[in-house]
Amino acid sequence: MDALRGFSELALGSRLKRLSDFIMKEVQYTYDHFNIDFDPYLFPVIKIIHNKKGVTNVEIKKALKLSQPAVTQAVNKLISKDLLKLENDKLDKRKKILTLSKKGETLVVRMKPLWRAIDIVVKDYTSHSSNSLTEHLNKMEDKLQHNSLSEAIINMAKKEVCNNFEIINYDVQYAQSFYDLNIEWLKTYFYVEPFDEEVLSKPDKYIINKGGHIFFAKRDTIILGTVALMPTKDFLVYELTKMAVLPNQRGQKIGQHLMQHCIDFAKANNHKALMLYSNTILENAIYIYKKYGFIELELEKDSPYERSNIKMELRLK
């Protein structure tokens, strides 16, 4: 009887291992699909380091219930990819604290929408009632056989990330789109000021080359919207500005996705705040800013925009 039970447990263990390997293979395919260079087996380690804002090897071992060699191997892989950095503990110099590098923080920002998609899809594939573990595995394997897990994750990620569009960094080939989108928006709601014309026509000079950033929402070959982060006198504070979306694409929360991307990017790069100038006639925009945590500041008399009658800030730390 004991031998039979041992055989049954061995068979179950092998089955679970095959299922785990298959799921990891499917998840790896989704990372590759989105051009994310990451090993899904490293997810638990990088996630706990990100959440804890710094941990030791021993803390990772206890939290994840992994062997020390497994933790060391995962950490070494992440360090070799320049995703982690080691720092001395402030109280005990003998202890080494693992934190994400800037490259690691930026990568996590890119991976978070995919992680949410994976969580949603896996829950869908595993949420069914069963009378036994064997029956549960049978149902799950049957669903995996008839419904591609990677395809479901990719479709969910596209929906989760931005209604089937991606957010990309600035490239000179999109400079005209940056200009056109913003000029159209200004002419629709206000008017083009000399300061606008100068900055929009020379984004490399006034934004990129000064340490700023421009992002675009892109579907296939079409630029749907854009936003910029411009450096201020305080290099840890960036101005959220130059946000515009194609007229026929408004109402799809593209602007909100762009703004969330800026917030995530700023946090990942240790900026202490984002600020913006706006006008109270844009009631919906002001409502959204407040929803994301922006608070009103006193507007200086020498505001760079004539149309602005409100200044807002989002503290990040």
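This structure is a prediction, so every number in the text was calculated from the model and none was measured.
T30 contributes atom OG1, which lies 13.0 Å from atom CE of M156 (distance to the nearest 0.5 angstrom). Annotation: the span from I23 atom CD1 to Q28 atom CD amounts to 14.5 Å, rounded to 0.5 Å. Between the OG atom in S278 and the CD atom in E296 there is a gap of 10.5 Å [rounded to 0.5 Å]. Taking CG of L100 as the reference point, atom NE2 of H50 lies at 7.0 Å (rounded to 0.5 Å). The CD1 atom of I49 sits 10.5 Å away from atom CD of E59, with the distance rounded to the nearest 0.5 Å. Atom-to-atom distance recorded for K81:NZ and L78:CG is 8.5 Å, nearest 0.5 angstrom.
For L107 against D37, the heavy-atom pair with the smallest separation is CD2-O, 4.3 Å. Smallest separation of non-hydrogen atoms from F235 and Y238: O-CE1, 3.4 Å. Between E135 and S129, the shortest heavy-atom contact is OE2-O, 4.5 Å. In terms of heavy-atom proximity, I281 sits nearest to F190 at CD1-CE2, 3.6 Å. Closest non-hydrogen pair, A74 versus V45, comes out as CB-CG2, 3.8 Å. Among all heavy-atom pairs drawn from I214 and P203, the shortest one is CD1-CB, 3.7 Å.
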Verdict with reasoning, L246 to I222, per side-chain contact (heavy atoms from CB on, under 4.5 Å): CA-CA 10 Å; L246 282 175; I222 301 173; 4.1 Å; yes
T226 and Y170: CA distance, side-chain angles, deciding distance, side-chain contact (heavy atoms from CB on, under 4.5 Å) verdict: CA-CA 9 Å; T226 188; Y170 175 78; over 6 Å; no
Worked verdict on E105 versus K267 for side-chain contact (heavy atoms from CB on, under 4.5 Å): CA-CA 9 Å; E105 289 283 6; K267 286 181 178 179; over 6 Å; no
Working for side-chain contact (heavy atoms from CB on, under 4.5 Å), residues V227 and M259: CA-CA 8 Å; V227 67; M259 182 163 64; over 6 Å; no
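Contacts classified as salt bridge (charged side-chain N to carboxylate O under 4.0 Å, His left out) and involving residues 297-315 (residues at least two apart or in different chains) are given here: E193-R307, D196-R307, E300-K311, E313-R315.
Listed by chain and residue number, Y31 satisfy the ring-ring contact (aromatic ring centres under 6.0 Å, His included) test with F38 (two or more places apart in sequence, or in another chain). Residues forming a ring-ring contact (aromatic ring centres under 6.0 Å, His included) with F43 (at least two apart in sequence, or on another chain): W115.
Looking at N279, its side chain never comes within 3.5 Å of a backbone N or O of S308 through a donor-acceptor pair. A donor-acceptor pair under 3.5 Å links the side-chain atoms of Y125 to the main chain of N147, judged by distance alone.
If you chain together hydrophobic residues whose side chains sit under 4.5 Å apart, Y277 and L297 never meet in one group. With hydrophobic clusters built from ILVMFWY side chains whose heavy atoms lie under 4.5 angstrom apart, L84 shares a cluster with I48. In the hydrophobic cluster analysis, where Ile, Leu, Val, Met, Phe, Trp and Tyr join through side-chain heavy atoms closer than 4.5 angstrom, V192 is grouped together with M230. Connection of L276 to I295 is not established within any shared hydrophobic cluster, with ILVMFWY side chains joined at heavy-atom distances below 4.5 Å, either directly or through further cluster members. Under the 4.5 Å side-chain contact rule for hydrophobic residues, M243 and Y292 share a cluster.
Atom OH of Y191 is surrounded by more than 12 heavy atoms from other residues, nucleotides or ligands within 6.0 Å. Counting heavy atoms of neighbouring residues, nucleotides and ligands inside a 6.0 Å radius, atom NZ of K143 exceeds 12 of them. Within 6.0 Å of OH in Y29 there are 12 or fewer heavy atoms belonging to other residues, nucleotides or ligands.
Between the side chains of T280 and N309, a donor-acceptor pair is found at a separation under 3.5 Å. Between the side chains of E197 and Y179, at least one donor-acceptor pair of N or O atoms lies under 3.5 Å. Counted by atom type alone, S148 and S150 present one or more donor-acceptor pairs between their side chains at under 3.5 Å.
Relative orientation of the H271 and F265 rings is tilted, given thresholds of 30° and 60° on the angle between their planes. Note: H261 and F215 have perpendicular aromatic rings, judged against thresholds of 30 and 60 degrees for the angle between ring planes.
Side-chain contact between K218 and L224: absent, with no pair of heavy atoms (C-beta onward) separated by less than 4.5 Å.
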